[in-house]
Structure formats: C-alpha cells, structure tokens
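Structure first, commentary second.
Here the structure is a predicted model, which is why all the values come from computation and not from measurement. Numbering of ligands and ligand atoms starts at 1, following listing order.
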Amino acid sequence: MGKRKSNIGGLARFVLEANNNTPEPFATSSSISVTPAQGAADSKNEENILETPEPRPKKKQKLRTGLLGSGLERIDATGLVPFYTEASQVPEHLQKYFSQRERFFSLYSSGCLLDEEGWYSVTPEKIADQIAERCRCDVVLDAFCGVGGNAIAFAKTCERVIALDVSPIRLALARHNAALYGVEDRIEFVLMDFFSFARTLNNAANSSRARRKIDAVFLSPPWGGPAYLAGSPTKASAKVAATGEEGEAHADYSLESIRPVHGAELFKIARGITKNIAYFLPRNSNLEEISALVKDSSTGAAVEKVEVEEEWMGTKLKALTCYFGGFVTGQENMFEA
Ligand code: MGP
C-alpha cells in the first residue's frame with residue numbers, strides 16, 4: 001500500500017471466494033432450490049405416470065414480458081439493456097466481467113441488469129455489503145449509484161438511501177435490481193448530478209429552510225474507464241510497490257483522473273454535506289494524495305485521520321475504500337458533529 005503517512009491507518013478486508021479455481025466465481029455456491037413452477041411441473045409428471053391425463057382445456061398463457069414478474073411492471077427495466085445468460089451472447093470486451101456476474105450480483109440469474117459502465121464499475125456484492133456494514137446510519141447518500149450494487153447493500157444497513165445518477169437508464173437499472181433484492185422501497189432514486197444535489201442542499205441551508213439530514217456520503221465515481229490501472233497521465237512514471245497479486249505493480253493513480261471533476265474537488269463538495277465519507281478508489285491510488293485531503297493546506301499538518309481499507313476477494317486486491325470523519329476508529333465523536 002505504499003509509504004504510510006502519519007494520518008493514514010490501514011486495514012485489509014478479505015471476502016471469501018466459494019472456490020478460487022472455478023472460472024465463474026460463486027457459480028458453484030449458489031443454492032439450488034425448487035421454484036414453485038418446478039414443483040408444479042414435478043407433481044404434474046407424477047400425475048402423468050399414475051394415470052393417463054384427460055386432455056385439459058387450453059389455458060390462456062400469460063406472457064412473461066419482464067424479468068421482475070407481475071406487480072413490478074412499473075419498474076421493470078427489461079429490454080433497456082441485454083440480459084446475458086450465456087458467454088456466447090456477450091461482447092468480447094465484457095467477457096471478463098460476465099464471468100464474475102454472480103460476484104457482482106448473487107441474484108444475477110434472477111434477472112439483474114447492467115449497462116456497459118455497470119459491468120466494469122459495479123462493486124462486487126460482498127465488498128458492497130462490507131462497506132455498508134461500516135457505513136450503518138440513518139441516511140446515506142450514494143452519489144454515483146450506477147446500476148445499484150452499493151445502494152442495494154446500503155438499503156440493508158441504513159434506514160434510507162438516496163441514490164443519485166445522471167443517467168436515466170442506469171437509474172432505471174438500479175431500481176430494477178433493487179426490486180429483485182426486495183429493497184427498492186428503502187431507496188430514493190434521484191436523477192440528478194451530485195454537484196446540483198449538493199448545491200440544492202446548501203441553498204436550502206442558506207435560506208434557513210430545513211436542510212435534509214444526511215449522515216454519510218458514499219463516493220464511487222467514474223475512475224476514467226477500465227484503463228485506470230495504467231495510472232494517470234501526469235504521474236505515469238510513478239510506481240506503487242504492489243497493488244494486488246504477487247508481483248503485480250501498477251502506475252500510480254491520481255485523484256486528478258476521477259471524473260467528472262478532480263477527486264480532491266469531489267471530496268471537498270462531499271465534505272460540505274457531512275464529515276462522514278467513504279471514498280471508493282482504485283487499488284493503485286496514491287496514498288499521499290488521499291492523506292492530503294485532510295491536511296491543512298497552509299501548514300500541511302494532518303488535521304484528522306483517514307482509514308484505508310483494502311478490499312480483497314480471495315487473492316485479488318480489488319479496490320480501496322477510504323474512510324473519513326466519524327467512520328475512522330478514534331474519531332467516532334465526529335459522527336454527530
Ligand atoms: P478491474 O480491475 O477493472 O476489474 O476493477 P478486475 O476484474 O479486478 O480486473 P483485472 O483485470 O484487474 O483482473 C476492479 C473493481 O474496481 C471492479 O469490480 C469495480 O468494483 C471497481 N471499478 C472499476 N472501475 C473501472 C471503476 C470505476 O470507474 N469506478 C468505480 N467506482 N469503480 C470501479
């Protein structure tokens with residue numbers, strides 16, 4: 001994780017793989033249950049064995065149009081993006097993500113939907129659950145919700161989740177996925193960019209209208225695409241020691257590569273909402289930059305601590321979650337501040 005700065009603490013979290021040797025992780029771990037439809041089919045077969053069935057009157061077949069099933073048609077996003085069930089349907093550049101589908105969403109086969117950006121940036125479910133456990137609070141803001149991986153996890157540990165995204169399609173996919181997990185009613189899906197949202201909150205506060213209380217902000221912004229491991233253009237020569245499996249080293253990733261604004265600016269805006277921030281960043285991030293986020297800009301002195309959590313899946317380091325404010329051990333008093 002590179003050189004430690006005095007205000008940075010670290011922690012590695014490991015989530016277990018079902019079987020590290022299986023090409024499709026978790027595929028073997030998903031339980032096989034008999035669905036009511038299968039059960040009905042089985043008993044029908046039994047009937048057929050015992051007696052010659054009478055020809056039955058033809059029933060009107062109800063066409064299943066969506067993946068969510070009846071009662072949820074209003075939020076069913078089936079058709080907005082392809083739902084891949086076999087590798088042969090998946091474009092070449094998405095193959096490596098498709099093979100991890102059950103890692104991203106354990107309910108993938110029930111009908112989870114992802115767009116291209118979702119495939120390469122969704123947080124694997126077990127990591128999302130771990131982050132959500134640590135972020136347990138009343139109201140959490142997921143500033144870049146994407147296809148909903150984190151928002152779904154937060155809905156399991158927080159009273160309320162506000163999930164923002166600038167893409168109406170991604171927001172619809174997130175809501176669809178949340179419905180599959182049965183948590184969509186705990187999430188407010190808001191089609192808005194984070195900056196406008198923050199401005200609206202601040203305007204409310206300035207005009208002495210009641211400002212909505214938000215206990216924590218989760219930042220999982222675009223890192224600039226799947227090529228983030230190549231590092232940031234102006235830092236291309238810098239190297240971090242090791243960012244994953246044995247011998248794996250990558251060019252330093254700088255916060256300047258975060259989109260749509262510099263990652264330090266993004267942090268500053270989030271801090272205007274609350275001190276309690278969880279920032280999901282690349283595993284090759286420059287720790288000095290992260291440490292500097294909470295240093296006094298004129299004196300350079302660290303004014304508070306940061307805790308950097310390494311998110312491992314099996315033997316693979318996937319990402320870092322950097323915790324600020326009341327999420328840091330020893331700074332719990334900042335939570336209510
Ligand atoms: P990865 O390194 O692209 O995937 O992303 P993987 O499967 O580890 O590939 P490999 O070639 O390194 O083996 C690792 C994790 O980082 C993903 O599962 C996402 O959770 C997260 N991630 C990746 N990208 C490109 C983004 C991004 O742009 N934004 C956010 N918030 N998370 C991302």
Identity of the nearest option to atom 29 (N) of ligand 1, non-hydrogen atoms only, from A227, P221, S220: P221
Counting each atom of ligand 1 from 1 as listed, which ones have a heavy atom of T123 under 4.0 Å away? 20 (O)
Using the ring pair (Phe, Tyr, Trp, His ring centres under 6.0 Å) rule, collect all pairs that involve residues 177-226, keeping only residues at least two apart or in two chains. F154-F218, W223-Y228, W223-F280
Closer than 4.0 angstrom, basic N to acidic O: yes or no for R160 and D138? no
Number the atoms of ligand 1 from 1 as they appear, then name those within less than 4.0 Å of a heavy atom of K318, with their elements. 6 (P), 7 (O), 8 (O), 14 (C), 15 (C), 16 (O)
Atoms of ligand 1 under 4.0 Å from any heavy atom of P124, numbered from 1 in the order shown, are 18 (O), 20 (O)
Show the atoms of ligand 1 that are less than 4.0 angstrom away from any heavy atom in K316. 8 (O), 10 (P), 12 (O), 13 (O)
I'd like to know if R103 contacts ligand 1, where contact means a heavy-atom distance under 4.0 Å to any ligand atom. no
Nitrogen or oxygen atoms of A319 and ligand 1 under 3.5 Å apart: no
Atoms of ligand 1 under 4.0 Å from any heavy atom of G225, numbered from 1 in the order shown, are 25 (C)
Of the choices Y97, W223, F280, F144, which has the non-hydrogen atom that lies closest to atom 22 (N) of ligand 1? W223
Short list, please: which atoms of ligand 1 are under 4.0 Å from a heavy atom of Q100? 7 (O)
Does a side-chain heavy-atom distance below 4.5 Å link W119 with R101? yes
Candidate list E309, E311, E307, Q130, test side-chain hydrogen bond (donor to acceptor under 3.5 Å, both in side chains), partner T321, passing option: E311
Please confirm whether R134 makes a cation-pi placement over Y323, using NZ or CZ under 6.0 Å from the six-membered ring centre and within 45° of the ring normal. yes
Under a 4.0 Å N-O cut-off, is there an ion pair linking E304 with K275? no
Provide the closest heavy-atom pair for A172 versus A77 in the form atom of the first, atom of the second, distance. O-CB, 3.8 Å
Counting from 1 in the order shown, the ligand 1 atoms closer than 4.0 Å to a non-hydrogen atom of K96 are 9 (O), 10 (P), 11 (O)
Would you mind telling me if ligand 1 is within reach of the side chain of V122, the backbone, both or neither, using heavy atoms under 4.0 Å? backbone
I want to check something: taking the side chain as every heavy atom from C-beta on, are L201 and I214 in contact at a cut-off of under 4.5 Å? yes
